[in-house]
Structures are given as structure tokens and as C-alpha cells.
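Following: one structure in C-alpha cells, then a few remarks.
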Amino acid sequence: MSHFIHKKCYILLGSLVLVSGLCALFYFTAPRTRYEAAAMTENSEILNNPYCGFYHLYGYLLSEEGRKPARQWCENMLANDSQSILLLQINLRHYSNKSISSSALDQLDTILSIFSGADRQLIVRFLYDWDGNALQTEPASQDQILSHMKQVAPVVNRFSSHVFLLQGIFTGNCGEMNQTHYGDREHLSLFMETLASVTSPDIFLSVRTPQHLRTITGTRTPLDSSQAYTGTLPARLGLYNDGMLGDAYDCGTYDDTPFAGTGDPAEKGTRSEEIQFQNQLCLYVPNGGEAVLDNPYNDLDRAIQDLRQMHVSYLSADHEASVLDKWKASQYQGTSGDPFDGNSGYDYIAAHLGYRYVVRDSWVTGTKGFRPRPILHITLENTGFSPAYRPFDTKIFLQNTDSGEKISLPADFDNRTLLPDKPQTLSLPIDIKSVPEGTWQLSLSMTDRSTGISIQFANGGQSSEEEVVCGQISIQ
């Protein structure tokens, strides 16, 4: 009996030794990680990112001249413009009573091809008038305008990667949908629905006022996240305001009386009501235009407040000089630690038009225990006036500090959900078994899916044109 007990003890002891040995072996052979985050700070650089910023306006009159003048015109424009975004106004008045010729469509193709090839993002406005005479220059027939939409659409669609949005429905003085034969509810809806049906769903559309937009969508309720980015007309329809900050009514954009209780979507609201409408709508569709007429509504502090609430992503660098000069002469007063404190108001606005991504912090969890499963966490903030409205591809890079070997890890993240002043934390599991031993520099990058352009971050010395360094991870 005693011999049997001793034998059991020996077996139990041996088992314990074996288990202890296996545990020790696993402990000493299991990969171990250590992460050291970089100190992240925001700079005051004006980034040159796609789809946002100050833009220059260029007008071209389609005619029977052929491709060569169009090519020369584009090359002259590009030689003097370093902005990533620009506005093309294409005048169709030579074709008000007939179809657009193949020669004119070739010119349009040449223009869009050259600007797209130079990686410019394009706002395009088709119109019949530059001089306030739309009633005389517009086609006499609605069918002629609808035909023109269908003619230019295939050309525009070929460059949908770089054509960001179309402004207006071809009508009105300077293409602003006013003083036109076609300003009633039926024509607004017909023209916009036709334009939407013939153009790529990747291209945003826009109208001059919130009133126009509500007339077309038939509701006072602004677009929400459940409808956004679905390719439908309401999900594509934004605003362009060429009377922005011009007075209490933005030069006829708003009214002096509040919304009535009738619920009529075609009614105008007061400035505060309409800005609140834009504050919700333009989280999902673009808004931009021209700041005009030096007045208290475009004094720097008030302008910044309204531009942020309206989520403005693009503004004219040509209109209006008196307003732009006022911003350049003004000094932005920020809170303690604000990188823009003391900068000119113009530079502050230029840096915040559209989206502005900053990496705030990074850390790694899940590094302890017998089976470590590290998860990288990166907190991102958008300090710009608006979201980005097109999707970017997000990647994490690990680069060995000795050999230079680089490993790419895709990240499942929809950048369009990164709304202004609402930080998000991106979490990504790291399969350390697939990463060799060593010290690796960890960085984050985003690339515009449509154009392939790298997105710049506002992270001081940690950020390059292609990626931002978040820290170092050591694997043993």
C-alpha cells in the first residue's frame, strides 16, 4: 500500500515538474512586446489635401475652335495655380438653341483630362451666362437644357475620380439658379433629377440655397447618417453659397422671418435656422462658395463660427478681395496651447477648410499573459470645419529600424465618420507571430481611394506627406 502511495506521489510530482517546465518554456519562448508612443502635437501648417481649401475660378467658353486652344488654356492655368482644388465654369451659350457639337465636347474632354492628369480635384459648373443676362442667354426650351445635361454627362463621368461635384442645374445668372426661366418647383426637381440620373453617383451635386435643396428633396429634415453615401439624390445633394457671410441674409440666401408652421419645404428660414439646417446636413454633403461684401458678418471671429457651423470645405481665393484682405490683416486669438494663436485669420481659415486630421495618442494593450494578443489603439481627431466626404484607404505600417523591412497592415476604418471635433479611436489587432523580432517604427497613412493621393496629417515633425509616425514597437 505504501509503495502504491509513493508511486502516485512520484507521478504527481513528475506531472507538476512537466507542467512547470512547459509553462516556463512557453513563457520564455512566447513573443513579448513593448510599445513606446511618440509625443503627438498639432502644427499650424496649411495642408494641401484633396477636396478642400481655397480655390481659384476659371471660365471656359465652349466653341468650334477645337482641342488645341483648350489644351493651351489649361496649361496656362496650371502653371500659375498650386491649389489642389479648383472651380471650372463651362459656358454653353453658343449652343443655347442647338446640340453641343462634337468639337465642343472634345474641348470639354481635353480640359477635364488635363486637370485630372495634374491631380486637381474639380468643382464644375455648367452655365449659359457670365454677365447677369441669363434670361437672354438660356435656352428657350427645357428640353434643350435636358439634352445638354445628357450630352456632357458621359464626358464628366469619365473623370469621376477627380470631378468632386457639380454646381447648379445649368440655369440662372452666373449659374446661380436665380433670374431664370426655370426657377419654379417643377423645373428645379426635373433638372436636378435628370442631372442625378445621368451622372456618376460618385459625384456630388449642389444647389445655391437650402431652400432650393428642400424644394428638390421635398422635406425640411436634413440628411442623416442612415441615408448618407448611398448614391441617392438626397445623399449627393449639397450647397454652394456665393453670397456667403455677405450680410444677415447671405445676399438673399436666408429670410428675415422664421419658418412658418406649415412645414412647406420650399420656405426660407432665418439665418440662425438655416445655419442650424446646414450644421446637420453638411456632416454628409459638401458646402462651399464665395465670401463677399466686407461687413460685420465676415469679421474674423464671427466668420470662423459660421464657417464651422456650416461645415464649409471650400472657398474662393478670388472673391472677395476686401473680405480676404480683412482676414489677412486680422490676428487669430486662440486658447493656451493652440498652434494657431497669433497667426493671421486667413491662414487659420485656410488650414481649417474641410477636414484636418491629427493623431492625438496611441497605445497598445493585450501584451501580457501566456498568450499575448496586442491591440494597437490610435486616437484621431478632425479639427477642420467639415468631414471628408470621399472614402480613404487607411493602413498601418511597421518598418524595421535596422533592416528597413516594411510590413503593411490594412485597417477597417471609414474616415467619413470622423466628424469635426469628435475624436475616434481606431483599434487594430497585431498578429505578432507574423512579425519578426526587432524594433519597428509604427506609422499611420491614408490614401484617397479615388485619386490615389496621400492624405497629409497635421502632426508636426512626426508627419510626412505620406504617413505619420505614431511610435515604436519592440518584439522579442
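Scope of the values below: all heavy atoms of this structure, side chains included, with no hydrogens, waters or symmetry mates.
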- Item | Leu88 vs Tyr60, side-chain contact (heavy atoms from CB on, under 4.5 Å): CA-CA, chis, key distance, verdict | CA-CA 8 Å; Leu88 293 176; Tyr60 189 86; over 6 Å; no

- In sequence, state the C-alpha distance, the side-chain angles, and the governing distance for Glu466 and Ser445, and then conclude on side-chain contact (heavy atoms from CB on, under 4.5 Å). CA-CA 6 Å; Glu466 295 184 353; Ser445 83; 5.9 Å; no

Do the side chains of [X] and [Y] get close enough for a salt bridge, i.e. N-O under 4.0 angstrom?
| X | Y | result |
| --- | --- | --- |
| Asp242 | Arg125 | yes |
| Lys406 | Glu467 | yes |
| Arg356 | Glu381 | no |
| Arg220 | Glu273 | no |

Cut-off 3.5 Å, no hydrogens considered: what does the side-chain donor-acceptor table look like for residues 188-196, sequence neighbours left out?
residue: Ser189; atom: OG; partner: Arg185; partner atom: O; Å: 3.2
residue: Thr194; atom: OG1; partner: Leu190; partner atom: O; Å: 2.8

Would a 4.5 Å heavy-atom cut-off, applied to side chains only, mark [X] and [Y] as touching?
| X | Y | answer |
| --- | --- | --- |
| Val359 | Leu380 | yes |
| Thr270 | Asp255 | no |
| Tyr128 | Tyr95 | no |
| His56 | Asn80 | no |
| Tyr51 | Asp448 | yes |
| Asp129 | Glu138 | no |

What closest approach, in Å, do [X] and [Y] show between heavy atoms, and which atom pair accounts for it?
| X | Y | result |
| --- | --- | --- |
| Ser96 | Thr137 | OG-O, 2.6 Å |
| Cys470 | Leu444 | SG-CB, 4.1 Å |
| Thr199 | Leu166 | CG2-CD1, 3.9 Å |

- Name all residues meeting the side chain to side chain contact (heavy atoms under 4.5 Å, CB included) criterion together with Ser63; count only those two or more places apart in sequence or in a different chain, and write none if there are none.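 Expected list: Glu65, His94, Gln107.
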
Would you list the atom pairs, donor with acceptor, under 3.5 Å between side chains in residues 158-165 and any protein atom, with sequence neighbours excluded?
residue: Arg158; atom: NE; partner: Asp109; partner atom: OD2; Å: 3.3
residue: Arg158; atom: NH2; partner: Asp109; partner atom: OD2; Å: 2.8
residue: Ser160; atom: OG; partner: Asn157; partner atom: O; Å: 3.3
residue: His162; atom: NE2; partner: Ser116; partner atom: O; Å: 3.3
residue: His162; atom: NE2; partner: Asp119; partner atom: OD1; Å: 2.9

- Item | Steps toward ring pair (Phe, Tyr, Trp, His ring centres under 6.0 Å) verdict (Phe170, Tyr182) | CA-CA 10 Å; Phe170 294 37; Tyr182 307 102; over 10 Å; no

- Kindly check if the number of other-residue, nucleotide or ligand heavy atoms within 6.0 Å of CG (Asp256) is above 12?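 Count over threshold, so yes.
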
- Query: So does Lys422 have more than 12 non-hydrogen atoms from other groups sitting under 6.0 Å from NZ?
  - Reply: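 Incorrect, the count does not exceed 12.
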
- Task: If the plane angle is over 60° it's perpendicular, under 30° parallel, otherwise tilted; pick one for Tyr357 and Phe392.
- Result: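 Taking Phe392 first and then Tyr357, their aromatic rings stand perpendicular (interplane angle over 60°).
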
- Which class fits the ring pair Phe340 and Tyr332: parallel under 30°, tilted 30 to 60°, perpendicular over 60°?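 Perpendicular: the ring planes of Phe340 and Tyr332 meet at over 60°.
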
- Residues Thr417, Gln424; criterion side chain to side chain donor-acceptor pair (under 3.5 Å); working and verdict: CA-CA 9 Å; Thr417 67; Gln424 285 193 42; 3.1 Å; yes

- Reference residue Arg449; test salt bridge (charged side-chain N to carboxylate O under 4.0 Å, His left out); the match among Asp202, Asp414, Asp393: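 Of the listed residues Asp202, Asp414, Asp393, the salt bridge (charged side-chain N to carboxylate O under 4.0 Å, His left out) partner of Arg449 is Asp393.
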
- side chain to side chain donor-acceptor pair (under 3.5 Å) pairs, two or more places apart, involving residues 287-298: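 Pairs touching residues 287-298 that pass the test: Gln278-Asn287, Asp294-Lys326, Asn298-Lys326.
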
- Check step by step if side-chain contact (heavy atoms from CB on, under 4.5 Å) holds for Asn415 and Tyr355. CA-CA 10 Å; Asn415 62 286; Tyr355 57 95; over 6 Å; no

- For residues 306-317, pull every pair meeting salt bridge (Lys or Arg N to Asp or Glu O under 4.0 Å), keeping only residues two or more places apart or in separate chains.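 Residue pairs passing salt bridge (Lys or Arg N to Asp or Glu O under 4.0 Å), neighbours aside: Arg271-Asp306, Arg308-Asp421.
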
- Task: Not counting sequence neighbours, which residues clear side chain to side chain donor-acceptor pair (under 3.5 Å) with His187? List them please.
- Result: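 Gln142, Asp184.
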
- Item | side-chain contact (heavy atoms from CB on, under 4.5 Å) between Met310 and Leu239, intermediate numbers included | CA-CA 10 Å; Met310 293 187 291; Leu239 301 167; over 6 Å; no

